[in-house]
Peer 1: 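Okay, here's the structure, questions in a sec.
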Amino acid sequence: MLDIRLFRENPERVKNALKSRNHDTGIVDEIVSLDVKVRQLTNEINQLRAQRNNLSKRVAQAKARGDEQEATQLMAEAKGVGERIDAIEKELDEVKEKLDKLMLYVPNIPHESVPVGPDETHNVEVRRWGEPRKFDFEPKPHWDLGPQLGLMDFDRAAKLSGSRFTVMYSAFARLERALINFMLDLHTKEHGYTEVWVPHLVKRSTMTITGQLPKFEEEAYRIDSDDLFLIPTAEVPLVALRANEILEEKQLPLLYTAYTPCYRREAGSYGKDVRGMIRQHQFDKVELVWLTSPERSFEDLETLVRHAEEVLRRLELPYRVVLLCTGDMGFGAAKTYDLEVWLPSYNAYKEISSCSNDADFQARRGNIRYRRKDGKLDYVHTLNGSGVAIGRTLVAIVENYQRPDGRIDVPKALQPYLGCEVIP
RNA sequence: GGAGAGGUGGCCGAGUGGUCGAAGGCGCUUGCCUGCUAAGCAAGUGUGGAGGUAUUCCUCCACCGAGGGUUCGAAUCCCUCCCUCUCCGCCA
């Protein structure tokens, strides 16, 4: 959520930001006019309330004096004022509700360092690491290799749950688990994150804080009977963890990491990544979240990206870092880097992590503040990033480390976690 | 799921219709005092919004779990919901 003052003081800036995101700008004028109305009505009500408070006070005084006649007269007067208040209040509530709702639908303003562009063709590659391997045989995509090894089972997954699900056995199942532990250990022991174990079902209000709701409800799995949502990423509980709290400046930055499954309906992605386990309704992910101060958050984003990169470096998987342009960023992001890992089956780099600074966007929605040294309250900045997506990492290992005989070498860093050098 | 208790300021805790944004204590901040520290004394100490040519001053409004209602007036009475705790039942 943006600061309403931005709309009052600089609506053009907001409009330009929305334009750069391919977003309709009419909403800005709507918000501005509703805001004017809200303040006007608020003032009227405040004046009337002051009047009524005054009358009520005089009622009490009159009664204390025993002057019943005076009291009765004042009460009648106050009642009239009260009726006017009620009428205006009703109007104010309606206007406010409209305004609040619209505010939740406005995306974040891109940071000045973000390239402007309509779509992913305007993203900027920042750096590359590693060389895609040259195969002296025809590498197999994981959706062929996995089932051939008897370690991945898409057919039975479909039998159980439909499309976009995967079943894995023995070495692959263990590989998934090894990756989780490897990543959590790296981030907690070497990068200073606190491991958090969180609920996977969250309330509507929680999903609203991080921006999944209200605009993207069709993307989320909802438990109708209890109005709970399956988390699409651990970012949701991790960011919302400190909602409605006031932190001390010296506590910042807070670094949280969590492993969770992620549940996504993938509505509107029909025909995209239909083969294999690249795009699933359920996938595992280790997430990184920072609550930090505004002064340093964009610096911190660089650090967060390095933390995610370190996972791929240790696993010796070739990747590149891409700075997303305004038109390609997510709803709440002020700035986003994607990490893309090399996938032989795609003959391309494929997103494996997305690291964003949401600035105060989520902190406003969640009312997450901190007390600065000068005593003033301010919103924290929130960062989030995958560190990294487990399923896609497994796929990357399977494809990049495959041998001509179909077996798969285990990256050195993972061998202690898996207890072997080759799969199966 | 059944029965009961309860949700007040950073914390503890008083307050059952009127000047209560809220006693008291703790904590914290500042000043005084004591050759340090502790103790003591004094003052201050919530958030949000609107306005006053006004980040540091002033005024007004709102906020005692959330929402609604009664009333001239609600932390206090009524209703609904949420949450916490205790006991019972069920359960990995």
Side-chain angles (χ1 to χ4, degrees), chain A residues 1-9 31-101 103 197-209 213 223-229 237 240-252 254 261 293-295 360 363-380:
Chain A
M1 196 159 60
L2 301 179
D3 189 344
I4 185 70
R5 276 172 282 213
L6 219 55
F7 290 82
R8 283 178 204 159
E9 290 157 15
I31 286 173
V32 168
S33 74
L34 286 172
D35 177 52
V36 168
K37 191 83 185 161
V38 163
R39 280 184 295 160
Q40 180 207 326
L41 293 174
T42 304
N43 271 340
E44 280 180 45
I45 284 182
N46 280 351
Q47 278 173 26
L48 288 170
R49 277 188 184 149
Q51 205 177 320
R52 185 178 62 182
N53 287 346
N54 187 272
L55 288 167
S56 292
K57 209 172 281 183
R58 285 163 60 197
V59 169
Q61 287 163 352
K63 285 198 169 174
R65 273 200 314 273
D67 190 342
E68 282 303 322
Q69 199 182 344
E70 170 85 359
T72 310
Q73 195 190 324
L74 289 168
M75 276 158 62
E77 205 179 320
K79 186 161 193 171
V81 176
E83 279 158 9
R84 284 168 66 199
I85 292 173
D86 287 345
I88 298 172
E89 239 171 15
K90 202 180 154 204
E91 192 185 350
L92 178 61
D93 286 347
E94 283 168 19
V95 179
K96 245 190 194 157
E97 196 183 326
K98 255 190 230 165
L99 177 60
D100 292 347
K101 189 173 172 195
M103 288 295 283
W197 190 86
V198 293
H200 302 171
L201 287 167
V202 296
K203 295 192 279 191
R204 179 173 289 274
S205 56
T206 305
M207 290 279 277
T208 304
I209 290 170
L213 296 179
I223 312 298
D224 277 313
S225 52
D226 299 280
D227 205 34
L228 290 171
F229 294 80
L241 200 58
R242 301 304 206 110
N244 297 313
E245 290 188 34
I246 296 171
L247 306 168
E248 293 302 323
E249 182 162 29
K250 58 175 181 270
Q251 292 179 269
L252 299 179
L254 287 171
S293 58
E295 291 77 24
D360 62 2
R364 282 180 188 284
R365 290 173 165 244
N367 194 30
I368 311 171
R369 294 174 296 175
Y370 76 105
R371 193 176 296 281
R372 292 201 311 244
K373 287 194 189 79
D374 62 11
K376 294 270 170 53
L377 292 176
D378 199 2
Y379 292 103
V380 302

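Sequence lines set the chain letters: A, B, ... in the order given, protein chains first and strands last, and positions in each chain run from 1.
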Peer 1: So, Arg369(A) and Asn367(A): side-chain donor and acceptor under 3.5 Å apart, yes or no?
Peer 2: yes

Peer 1: Nearest to the side chain of Lys63(A), heavy atoms from C-beta on, is which of rG49(B), rG18(B), rG48(B)?
Peer 2: rG18(B)

Peer 1: Using a cut-off of 6.0 Å, state whether more than 12 heavy atoms not belonging to Glu249(A) lie near its atom CD.
Peer 2: yes

Peer 1: Indicate whether OP1 or OP2 belonging to rG48(B) is found under 4.0 Å from a side-chain N or O atom of Arg369(A).
Peer 2: yes

Peer 1: Could you please name the option among rC61(B), rG18(B), rA50(B) that lies closest to any side-chain atom of Arg39(A)?
Peer 2: rA50(B)

Peer 1: To the nearest Å, how far apart are Arg49(A) CZ and rC63(B) C1'?
Peer 2: 11 Å

Peer 1: For atom C1', what is the distance between rC36(B) and rC28(B), given to the nearest Å?
Peer 2: 22 Å

Peer 1: Could you tell me how far rU76(B) sits from rU86(B) if I compare only their C1' atoms? Round to whole Å.
Peer 2: 26 Å

Peer 1: Can you tell me the distance, in whole Å, between the CD atom of Glu70(A) and the P atom of rG18(B)?
Peer 2: 20 Å

Peer 1: Give the rounded distance in Å between these two atoms: NZ of Lys96(A) and P of rC63(B).
Peer 2: 11 Å

Peer 1: Determine the Euclidean distance between corresponding C1' atoms of rU34(B) and rA42(B); express it in Å to zero decimal places.
Peer 2: 16 Å

Peer 1: Both Arg8(A) and Ala60(A) contact RNA chain B. Taking the nearest nucleotide for each, which residue is further toward the 5' end?
Peer 2: Ala60(A)

Peer 1: Should we count CZ of Arg8(A) as having more than 12 external heavy atoms under 6.0 Å?
Peer 2: yes

Peer 1: Keeping to residues at least two apart or across chains, list the side-chain hydrogen bond (donor to acceptor under 3.5 Å, both in side chains) pairs with something in residues 59-75 of chain A.
Peer 2: none

Peer 1: Could you pull out the closest heavy-atom pair between Pro237(A) and Pro199(A), with the gap in Å?
Peer 2: CG-O, 4.0 Å

Peer 1: Could you state the CD-C1' distance from Gln51(A) to rA50(B), rounded to the nearest angstrom?
Peer 2: 17 Å

Peer 1: Under 4.0 Å between a side-chain N or O of Arg52(A) and OP1 or OP2 of rG18(B)?
Peer 2: no

Peer 1: Compare the minimum distances between each of rG49(B), rG51(B), rU47(B) and the side chain of Arg5(A), then state the nucleotide with the smallest one.
Peer 2: rG49(B)

Peer 1: From the set rC72(B), rC61(B), rU47(B), return the single nucleotide nearest to any side-chain atom of Met75(A).
Peer 2: rC72(B)

Peer 1: Pick the P atom in rA92(B) and in rU70(B), then give their distance to the nearest Å.
Peer 2: 49 Å

Peer 1: How long is the straight-line distance from CG of Asp35(A) back to CZ of Phe7(A), given to the nearest 0.5 Å?
Peer 2: 9.5 Å

Peer 1: Suppose we screen for side chain to side chain contact (heavy atoms under 4.5 Å, CB included). Which residues come up paired with Glu9(A), at least two apart in sequence or across chains?
Peer 2: Arg5(A)

Peer 1: Rounding to the closest angstrom, what is the interatomic distance between rG17(B) and rG69(B) at atom P?
Peer 2: 23 Å

Peer 1: For the pair made of NZ in Lys203(A) and C1' in rG65(B), what is the distance, rounded to whole Å?
Peer 2: 11 Å

Peer 1: If pairs are Watson-Crick or G-U with both distances under 3.5 Å, what is the dot-bracket string of RNA chain B, marking crossing pairs with [ ] and pairs to another strand with |?
Peer 2: ((((((((.[[[..)..(.....]]]((((((.......))))))(((((((....))))))).[[[[[..)....]]]]])))))))....

Peer 1: Can you measure Gln61(A) atom CD to rC72(B) atom P for me and round it to whole angstrom units?
Peer 2: 18 Å

Peer 1: Where each residue is assigned the nucleotide of RNA chain B containing its nearest heavy atom, which of Gly82(A) and Leu377(A) is assigned the position nearer the 5′ end?
Peer 2: Leu377(A)

Peer 1: Which whole-number value in Å describes the distance from Leu48(A) CG to rA50(B) P?
Peer 2: 18 Å

Peer 1: For Arg58(A), answer base if it contacts any base atom (sugar-phosphate contacts may also be present), sugar-phosphate if it contacts only those atoms, and nothing otherwise; contact means non-hydrogen atoms under 4.0 Å.
Peer 2: nothing

Peer 1: Can you tell me, in whole Å, how much space there is between the C1' of rG24(B) and that of rA14(B)?
Peer 2: 7 Å

Peer 1: Kindly compute the distance separating NZ (Lys203(A)) from CG (Asp226(A)), expressed to the nearest 0.5 Å.
Peer 2: 12.0 Å

Peer 1: Taking rG51(B) as the reference, what is the distance to rC33(B) when you measure between their P atoms (whole Å, please)?
Peer 2: 46 Å

Peer 1: Have a look at Arg364(A) and say if it touches a base, only the backbone sugar-phosphate, or nothing, with a 4.0 Å heavy-atom cut-off.
Peer 2: nothing

Peer 1: Whether Asn53(A) contacts rA62(B) is assessed here as follows: a side-chain N or O lying under 4.0 Å from the phosphate OP1 or OP2. Is that the case?
Peer 2: yes

Peer 1: Which whole-number value in Å describes the distance from Leu41(A) CG to rG49(B) P?
Peer 2: 18 Å

Peer 1: Expressed as a whole number of Å, how far does the C1' atom of rA74(B) sit from that of rU8(B)?
Peer 2: 14 Å

Peer 1: Under 4.0 angstrom, heavy atoms only, what part of the nucleic acid is Lys57(A) near: base, sugar-phosphate, or nothing?
Peer 2: nothing

Peer 1: Of all the nucleotides listed (rG51(B), rC61(B), rC72(B)), which has the minimum atom distance to the side chain of Asn43(A)?
Peer 2: rG51(B)

Peer 1: Is the closest side-chain heavy-atom distance between Asp378(A) and Pro294(A) below 4.5 Å?
Peer 2: yes

